[in-house]
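The structure displayed is predicted, hence computed values, not measured ones. Lettering follows sequence order; numbering is per chain, from 1.
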Amino acid sequence: MKVRAPRTAAEAEAIQDELRPLLDLTGPGPLRPATVAGVDVAYDGDRLAAAVAVLDGTTLEVVEEVTVTGRTAFGYVPGLLAFRELPALLDALDRLTVVPELVVCDGYGLAHPRRFGLACHLGVLTGLPSIGVGKTAFVGGCAEPGPERGSWTDLTLDGDVVGRVLRTRDGVKPVYVSVGHRVDLDTACRNVLRLTPAYRLPETTRVADRLSRAALAGAG
DNA sequence: GCGACAG
DNA sequence: ATCTTGTCGC
């Protein structure tokens, strides 16, 4: 699998609009996935390192890790993050021995200006069930969820519910969850809660984050 | 027209 | 994303 490389923002947007119809928003998706993959990318100037960490869906123990290093081919443009991170992430996913039952992305999925964020793009290109978990607000409006872990509110955009603002730890800033491909919002949130037994962010993204940084440092 | 804006 | 010290709290 490979991402088409657009030359301009307009081209990138056209690709998103073209792929958007291939999205499978049919649920429920994996409720008790045996394996869950986390993906993340670290940068140092134009160098980058992408990492994929596959965890056991029950014990959350690391089952497999893959990293790839390379150079950025597309700058960061809000709404077009996938074109910056997907090439390397797909390379890493290709080298995986285990086929994860769910992929957790760092960023947004359906909650996107054209309803096709990183999680959707990755899902459509790999065919794998995927969800997006963002750390900060991007698009959509929401009310503040209750202070306890598990409470949430709708993330809405143009009158549509495009995701959820979910509290994963008591009294800690919530995360922004939106579906990517082949998973519904309820299932996405249940998975996120299972992946956050101790910290605000899913263990999958925590491991992938560490991995990508280490790979970047080790690639000198 | 002017800002805001996942990572 | 990344640049960065000390500091409050368990």
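- In this structure, A:Leu81 places its CG atom 20 Å from P of B:dA4, rounding to the nearest Å.
- For the pair A:Leu96 and A:Val54, the minimum side-chain heavy-atom distance is below 4.5 Å.
- With contacts defined as side-chain heavy-atom distances shorter than 4.5 Å, the pair A:Phe83/A:Glu13 does not qualify.
- As rounded to whole Å, 20 Å separates atom P of C:dA1 from atom CZ of A:Arg71.
- Applying a 4.0 Å cut-off to non-hydrogen atoms, the residues of residues 40-52 of chain A that approach DNA chain C are A:Ala42, A:Tyr43, listed by residue number.
- Looking at heavy atoms from C-beta onward, A:Ile131 lies out of side-chain contact with A:His181 at the 4.5 angstrom threshold.
- A close approach under 4.0 Å does occur between a side-chain nitrogen or oxygen of A:Arg213 and OP1 or OP2 of C:dT2.
- Regarding A:Leu86, its CG atom lies at a distance of 12 Å from the C1' atom of B:dG7, rounded to whole Å.
- A:Leu122 places its CG atom 16 Å from the P atom of B:dG7, with the value rounded to the nearest Å.
- Counting any heavy atom pair closer than 4.0 Å across all strands shown, A:Gly79 reaches a base atom.
- Side-chain polar atoms of A:Glu101 and A:Thr35 form no donor-acceptor pair below 3.5 angstrom.
- Look at A:Lys135 and you won't find any side-chain N or O under 4.0 angstrom from OP1 or OP2 of B:dA6.
- Nucleotide C:dA1 holds its P atom 13 Å from the CG atom of A:Leu89, rounded to whole Å.
- Under a hydrophobic clustering in which Ile, Leu, Val, Met, Phe, Trp and Tyr are joined whenever their side-chain heavy atoms come within less than 4.5 Å, directly or via other members, A:Phe138 and A:Val162 fall into the same cluster.
- Cation-pi check for A:Arg206 over A:Tyr199 is met; the charged atom lies under 6.0 angstrom from the ring centroid and within 45 degrees of its normal.
- Contact annotation for A:Leu80: base contact, defined as any heavy-atom pair under 4.0 Å involving a base atom.
- Across all strands, A:Gly134 comes closer than 4.0 Å only to sugar-phosphate atoms, never to a base (heavy-atom distances).
- Summarising the geometry, the separation between CG on A:Leu155 and C1' on B:dA6 is reported as 12 Å, rounded to the nearest angstrom.
- Across the protein-nucleic acid pair, A:Asp209 atom CG and C:dT2 atom C1' stand 12 Å apart, rounded to whole Å.
- You can call A:Phe138 stacked on the base of B:dA6; the centres are under 5.5 Å apart and the planes sit within 30°.
- The distance between atom OH of A:Tyr108 and atom P of B:dC5, rounded to the nearest whole Å, is 11 Å.
- Transitive grouping of hydrophobic side chains (ILVMFWY, heavy atoms separated by less than 4.5 Å) brings A:Tyr108 and A:Leu157 into a common cluster.
- Between A:Thr136 and B:dC5 there is no side-chain polar atom (N or O) within less than 4.0 angstrom of OP1 or OP2.
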